[in-house]
Amino acid sequence: MSMKIRLVLLFIISAISGCKVENKGIVSALNSINTDSLKKEISILASDEFLGRAPSTAGEVKTINYIAKQFKSEGLMPANNGSYFQEVSLLKITTDNSMQLNIKGGKKQLSLKYSDDFIGSTPQVADNIKIENSDIVFVGYGINSPENNWNDYAGIDVKGKTVLIMVNDPGYATSDSTLFNGKAMTYYGRWTYKYEEAAREGAKAALIIHETGAAAYPWAVVQNSWSGSQFYLEDNELTKSDLQLKGWVTTETAEKLFESAGLDYNQLTLSAAKRGFKPVNMNLKASVEFKNHVEHTKSNNVAALLPGKDLSGEYIIYTAHWDHFGVNNTFKDDSILNGAVDNATGVAALFEIARAFKNLPEKQSRSILFLSVTCEEQGLLGSEFYAKHPLFPLDKTVCDINMDALNIFGKTKDMTIIGFGNSQLDNYVVDVLKKYGRYANPDPMPEKGGYFRSDHFSFAKAGVPSLYVSQGVDNVEHGKEWGLSQSEKWIMENYHKPSDNYEPDKWNFDGMMDDIKVYFEVGYDLSASKDFPQWTAGFPFKSLRDKMMQVR
Ligand SMILES: [Zn+2]
């Protein structure tokens, strides 16, 4: 080869590679995301040695030390005054289940049986709870929402009373797109909101009427999730309120109450979804007494920082919860809930993304916070704690990008944006996916309230724009129907069960690798931007963000 040709070739090669580098200069970063290390990290986090990663257990100690060690070895700095840990103070309240809920004042006296007819517990720090003859008021959906011009508590004082509330919201019930968000569940439809609002209104007890469609899960899930110990942040609004009992009743129980009160259940629950609904005093009285065991305990978020260059005072957060359900001896063969998919995969992705940022040829502009939070499975408590006690100012926090349960079924053409349309962040995801010939899919079942069920929501609730991009269903090899059926099958068989194990022979890591690269690139694009993407007009927590950005 002549010198001249060699030079020309060299020029062409450098032009090509130069072009690649100019393609955001992130090739080396993307190449450092690695299937072997990903597999190793998941296998360790999901191993029996980590005891199912339950908060405040020996499993937590192993887990958070491993995460901190990984953050350190990827070259990240401790984010909390020299420590990788942010301590989260918790209340653990265990209710004695031998309680009975008695209803008087109607056609006949009712003695409701725990678990069969109702579920209840208290957010109070008290050994004993006693409610005597508290008036029962049916408050429809129990919603007080100025922006929807809707108040189910209008004209009635429920202080000291027991409120009976329907789950979900009037938009879901009527499929009327002009009410709330139509069929998609709004935060006003979530059970957490129902208790929060009842507490703000001064109620003594709040009982949600379970209905499988509206709640998105059967009564068995209510029985399992609300009968054991309940965790709260030590500093929380429910404990500070007068709310003594929060619980659920079955549809059958609710029908019995209405019948005893001489009221038409079907007619009143229908009218509750219409404008102009007025709360109904049922002329029934509720009494209950039960004991509790209260523990004050602690858990930890793990937080590591990769400082930026030009805009190091602005932050992009990546979250992935580390906690799962620990050991449950009612499962005989395999009592450890290893949570391999949920959410060892998300935590491992944090490490992979951290390494990618470290491998950028030029340091990214904004700072990146890698935050592995605790107690997601206990009601998003670790992320809520962070949002209330941020390590870096929220008005300088551009967004949260949350990862929870990654794809094990192979490459997909799509990714699912849970809450598609809520903020301008979606555009970043759409653009990155487009670059790879992929597309964004809205949540196929927004009525199930998936938007309120992972840690990005704690940031949303505090006003900070946040993204929850979940795995796609449009499988490259087998198509969309197959993809959907695989993920539905997985949820039925393995979700929150001991069989959520690490199974490298069964899993296909190709889709997970693709998705991690998308998470990285979305964060990278945001880190290179000067923009603060905003919530879409009408989003319930937009005003919080607008307010904090004005003060800035
Ligand atoms: Zn999860």
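Atoms within each ligand, like the ligands themselves, are counted from 1 in listed order. A quick note: this is a predicted structure, and the numbers were derived from the prediction, not measured.
Look at Glu447 and Lys183 and you find a salt bridge, because one of the NZ, NE, NH1 or NH2 atoms lies within 4.0 Å of a carboxylate O, short of that distance. Electrostatic pairing of Arg53 and Asp323 does not count as a salt bridge here, judged by no charged N lying under 4.0 Å from a carboxylate O. Salt bridge status for Glu384 with Lys388: present, with a side-chain N to carboxylate O gap under 4.0 Å.
Surrounding CD of Glu481 are at most 12 heavy atoms belonging to other residues, nucleotides or ligands under 6.0 Å away.
Residue pairs meeting the side chain to side chain donor-acceptor pair (under 3.5 Å) criterion with at least one member in residues 65-76, sequence neighbours excluded: Glu74-Arg355.
Take the Zn ion (ligand 1) and draw a sphere of radius 2.8 Å; the protein N/O/S atoms inside it number 4.
Between Asn300 and Trp322, the closest heavy-atom pair is O-NE1, 2.9 Å.
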